[in-house]
Amino acid sequence: MELLLVEDDAMLGQAVEIGLSERQFLVQRVRTGAAAISELNRTHYDAIVLDLGLPDLDGTRVLASLRKKGMTLPVLVLTARDQSTEIVKQLDNGADDYMIKPFDMNELAARLRALVRRQRGYASPELKVGDIVLDDANHTVVVEGQAVNLSRREFELLKALMIAPERVHSRDKLEQVVFQNETQVESNALEVHVHNLRKKLGHKEWIQTIRGIGYRLQCK
């Protein structure tokens with residue numbers, strides 16, 4: 001799940017970035033409103049965590065700008081402004097959720113997962129594709145009625161494939177999901193995890209290799 005974090009406070013921004021990365025988010029952090037708008041114009045994100053008190057553009061203007069452009073990705077406002085009038089204002093201006101600092105990291109992650117689920121058209125933390133059932137909240141996978149034990153990396157790989165079944169997922173994107181910010185990754189590491197996942201699912205043909213591009217999940 002790719003996330004844009006817009007926070008000008010260096011210490012807090014780093015803490016949020018680390019906390020969300022540990023919870024399987026791919027986080028890109030910027031410190032100004034202008035940088036946020038630039039990022040959104042050239043890169044796809046699944047959601048935004050937006051501070052309001054930015055040094056150049058107020059977060060309210062950033063939110064208005066992206067909604068004016070027709071961008072529908074979820075926006076969670078994360079701010080110290082705790083007045084009810086401010087909360088109402090931001091929600092009416094296009095924010096999807098609002099959290100007040102200080103906050104609980106687990107709650108922030110859960111709210112973001114819920115926002116992205118609804119954006120993608122499913123309300124439950126369970127993903128179902130053919131005979132595979134993945135429960136993101138409880139970190140469990142059931143295949144043809146039998147529980148399957150997956151490693152963290154295998155779980156994230158399967159989830160990425162299940163979120164958009166039958167779509168071809170590029171090797172680069174899957175590596176970002178599986179390995180996140182790791183810098184020393186073997187060139188064939190993704191292929192090893194795909195091989196292991198196929199073996200555990202019990203159906204090699206469910207994960208198809210699209211030569212030169214990536215992989216696709218296709219199971220009925």
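These numbers come from a predicted model, not from an experiment.
- Looking at Thr43 and Gln28, their side chains never bring a donor and an acceptor atom within 3.5 Å of each other.
- The pair Lys101-Asp51 meets the salt-bridge criterion, with a side-chain N (NZ, NE, NH1 or NH2) lying under 4.0 Å from an Asp/Glu carboxylate O.
- If you check the side chains of Tyr98 and Glu86, you find no donor sitting under 3.5 Å from an acceptor.
- Partners of His203 by ring pair (Phe, Tyr, Trp, His ring centres under 6.0 Å), not counting sequence neighbours, listed by chain and number: Trp206.
- Neither side chain, Asn196 nor Arg153, offers a donor N or O lying under 3.5 Å from an acceptor on the other.
- Looking at Asp135, its side chain never comes within 3.5 Å of a backbone N or O of Val141 through a donor-acceptor pair.
- Using a 4.0 Å cut-off between a side-chain N of Lys or Arg and a carboxylate O of Asp or Glu, Arg198 and Glu205 do not qualify as a salt bridge.
- Remark: side-chain polar atoms of Asn138 are not paired, donor with acceptor, to backbone N or O of Thr140 under 3.5 angstrom.
- Between Arg171 and Glu191, at least one side-chain N (NZ, or NE/NH1/NH2) sits under 4.0 Å from a carboxylate O, which counts as a salt bridge.
- Salt-bridge formation is not detected for the pair Glu156/Arg152: no Lys NZ or Arg NE/NH1/NH2 atom is positioned less than 4.0 Å from an Asp or Glu carboxylate oxygen.
- In summary, Arg67 and Asp96 engage in a salt bridge, as defined by a charged side-chain N under 4.0 Å from a carboxylate O.
- Side-chain contact annotation: Ser170 with Asp172, donor-acceptor N/O pair under 3.5 Å absent.
- Summarising the geometry, atom CG belonging to Asn149 is positioned 9.5 Å from atom NE2 belonging to His139; distances are rounded to the nearest 0.5 Å.
- In terms of modelled atom types and a separation under 3.5 Å, the side chain of Asp131 and the main chain of Val143 share no donor-acceptor contact.
- For the 3.5 Å distance criterion, the side chains of Arg42 and Ser38 qualify, holding a donor opposite an acceptor.
- Counting heavy atoms of neighbouring residues, nucleotides and ligands inside a 6.0 Å radius, atom CD of Glu186 does not exceed 12 of them.
- Atom NZ of Lys69 is surrounded by more than 12 heavy atoms from other residues, nucleotides or ligands within 6.0 Å.
- When the shell of 6.0 Å around CD of Gln146 is examined, it contains 12 or fewer heavy atoms from other residues, nucleotides or ligands.
- Looking only at distances, a side-chain donor or acceptor of Ser21 sits under 3.5 Å from a matching main-chain atom of Glu17.
- For His193, the ring pair (Phe, Tyr, Trp, His ring centres under 6.0 Å) partners two or more places apart in sequence, or in a different chain, are Phe179.
- Although no hydrogens or angles enter the test, the distance criterion places a donor-acceptor pair under 3.5 Å between the side chain of Thr79 and the main chain of Arg81.
- A salt bridge does not link Arg29 with Glu7: none of the charged nitrogens is closer than 4.0 Å to a carboxylate oxygen.
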